[in-house]
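Below is one structure; the comments refer to it alone.
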Amino acid sequence: MLFGFREERYKQAMRIATYNVNSIRARKERLLAWLARHEIEVVCLQELKVEDSAFPREEIEALGYHAAFHGQKTYNGVAILSRAPLEDVSIAMDDAVDDSHARLIAATTYGIRVISAYFPNGGSIDSEKYPYKLKWMARLREELVRSMQRYPIPHALCGDFNVAPFEDDVARPQEFEGGVLANDEVRAALRAIADVGLVDVFRPFHPQGGVYSWWDYRGGGFERGNGLRIDHIYASPELAARCIGAIVDREERRGTAPSDHAPVVAEFDWWVD
DNA sequence: ATGTCAGGCGTAGCCTGA
C-alpha cells in the first residue's frame with residue numbers, strides 16, 4: 001500500500017510524483033487538497049498554463065513545500081515542489097536553440113537532480129508539431145548528458161512524456177498506435193533518452209501493462225477505460241534500484257473538475273537529511 | 001456524428017491546443 005501510511009520498514013522512504021495538472025489555476029484547490037492529504041516529498045507539475053506571477057506560491061509554501069516554477073501564458077509551464085530546499089534551479093535547455101516553450105525545469109533536492117518535463121504532444125503526424133517533438137526529445141537527450149556531467153548525482157526525469165512506451169500501455173491500440181503518442185519513432189526517441197542512464201521505475205511494478213495515466217476528456221475516456229500511460233518517472237539505476245512501489249493515483253481523475261491526467265507516484269527507500 | 005476541457009480575447013462565442 002503506497003498511500004495512507006508508511007510501513008515501519010519503509011520509514012526511510014521518500015515519494016516522488018509527477019502530475020500534469022492541465023492548468024494550475026483550474027486545478028489549484030484540487031492540487032492543494034491532494035498535497036495536504038498525502039505525504040509526497042517531491043512533486044513535478046506540468047501544464048501550469050500561467051505566467052510565474054500567477055503561480056500559487058504562497059499557498060503551496062504554506063503546505064511546507066519549496067517551489068521552483070517556469071511558466072508562460074496559456075501553454076506549457078512546469079514546476080518542482082519539494083519538502084526540502086531546491087538548489088541549482090535551471091530552466092529550459094542549455095543549448096543554442098531558440099525555444100520559447102516552458103517545458104523543462106530542473107533542481108537538486110534530496111541529493112537527486114530532479115527534472116520536471118513537459119514533452120511536446122506532437123499534434124498529428126503530419127503537423128509541424130511532430131518534428132518539433134522529435135527534435136525536442138533529441139535535445140533533451142543531450143541536455144541530460146550535460147546534466148549528468150555537471151551534477152554527478154542520481155537523476156529523476158519526471159513528467160508528461162507524451163509517449164506510451166509499449167503497446168500494452170495503450171488501452172485501444174487500434175485508436176492510438178501509429179499516432180503521435182504511440183509509434184516506433186517516438187519510442188525510439190524515448191529509448192535514446194533512457195540510454196543515457198535512466199530507467200522507468202513504474203513499469204516493473206506493473207509488468208502486465210494496462211495501467212494508464214491519461215484519459216481524453218472527449219468521449220468519456222476515463223469512464224470507458226480508454227487510457228494511455230504517458231506520464232513517467234525515469235531514474236538513474238542506483239535510485240531506481242531503491243524504488244519500492246509505484247502507482248497511478250486514479251482518484252485524482254475522478255470527481256469534480258479533474259485534470260485529464262492522474263498523478264504518478266513512486267516511493268523510494270531513499271533519504272538525505 | 002471531431003464527443004470535453006481550458007485559456008485568450010473581450011464580455012459572446014469562436015479559436016487553439018490537447
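Side-chain atoms are counted along with the backbone in the values below, which use heavy atoms only and exclude waters and symmetry mates. Residue numbers begin at 1 in each chain, while the letters A, B, ... track the order of the sequences.
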Margin query: Under 4.0 Å, counting only non-hydrogen atoms across every strand here, what does A:Y118 touch: a base, just sugar-phosphate, or nothing?
Written below: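 Touches sugar-phosphate only.
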Item checked: Side chain of A:Y217 (C-beta onward), nearest among B:dT4, B:dG3, B:dA18 ->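 That would be B:dT4.
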Margin query: Salt bridge or not between A:E41 and A:R83? Use side-chain N to carboxylate O under 4.0 Å.
Written below: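 No, no charged N to carboxylate O under 4.0 Å.
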Excluding sequence neighbours, so at least two apart, what forms ring pair (Phe, Tyr, Trp, His ring centres under 6.0 Å) with [X]?
{"X": "A:F119", "answer": "A:W136, A:F161"}
{"X": "A:F55", "answer": "A:F69"}
{"X": "A:F176", "answer": "none"}

Distance, rounded to the nearest Å, where [X] contributes [atom1] and [N] contributes [atom2]:
{"X": "A:F176", "N": "B:dA18", "atom1": "CZ", "atom2": "P", "answer": "15 Å"}
{"X": "A:L228", "N": "B:dA18", "atom1": "CG", "atom2": "C1'", "answer": "13 Å"}
{"X": "A:R30", "N": "B:dC5", "atom1": "CZ", "atom2": "P", "answer": "12 Å"}
{"X": "A:D160", "N": "B:dA18", "atom1": "CG", "atom2": "P", "answer": "10 Å"}
{"X": "A:R27", "N": "B:dT4", "atom1": "CZ", "atom2": "P", "answer": "16 Å"}
{"X": "A:E47", "N": "B:dA18", "atom1": "CD", "atom2": "C1'", "answer": "7 Å"}
{"X": "A:W214", "N": "B:dC5", "atom1": "CH2", "atom2": "P", "answer": "13 Å"}
{"X": "A:R218", "N": "B:dA1", "atom1": "CZ", "atom2": "P", "answer": "16 Å"}

Give me the distance, rounded to whole Å, that separates [N] from [M] when you measure between the [atom1] atoms they each carry.
{"N": "B:dG10", "M": "B:dC15", "atom1": "C1'", "value": "13 Å"}
{"N": "B:dA1", "M": "B:dG13", "atom1": "P", "value": "27 Å"}
{"N": "B:dA12", "M": "B:dG7", "atom1": "C1'", "value": "15 Å"}

Polar atom pairs (N or O), protein with nucleotides 7-16 of chain B, under 3.5 Å:
unit_1, atom_1, unit_2, atom_2, d
B:dG7, OP1, A:S23, OG, 2.3

Margin query: Quick check: on DNA chain B, is the nucleotide nearest A:P120 upstream (toward 5') of the one nearest A:G219, or the reverse? Name the residue that is more 5'.
Written below: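 Its nucleotide being nearer the 5' end, the pick is A:G219.
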Note to self: If you assign A:A257 and A:N121 each to the DNA chain B nucleotide with the nearest heavy atom, which residue ends up on the more 5' nucleotide?
What the structure shows: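 The residue closer to the strand's 5' end, by nearest nucleotide, is A:A257.
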Next item on the list: Return the set of residues passing side chain to side chain donor-acceptor pair (under 3.5 Å) with A:N162 (not counting sequence neighbours), or none when no residue passes.
Entry: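 Side chain to side chain donor-acceptor pair (under 3.5 Å) check on A:N162 returns nothing, list empty.
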Note to self: Please check this pair: side chain of A:R141 against backbone of A:V196, looking for a donor-acceptor N/O pair closer than 3.5 Å.
What the structure shows: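 No, A:R141 side chain to A:V196 backbone: no donor-acceptor pair under 3.5 Å.
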Margin query: Run the side-chain contact (heavy atoms from CB on, under 4.5 Å) test against A:L32 and tell me which residues pass, sequence neighbours left out.
Written below: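 A:L32 satisfies side-chain contact (heavy atoms from CB on, under 4.5 Å) with A:K28, A:E29, A:E59, A:I60, A:L63 once adjacent residues are dropped.
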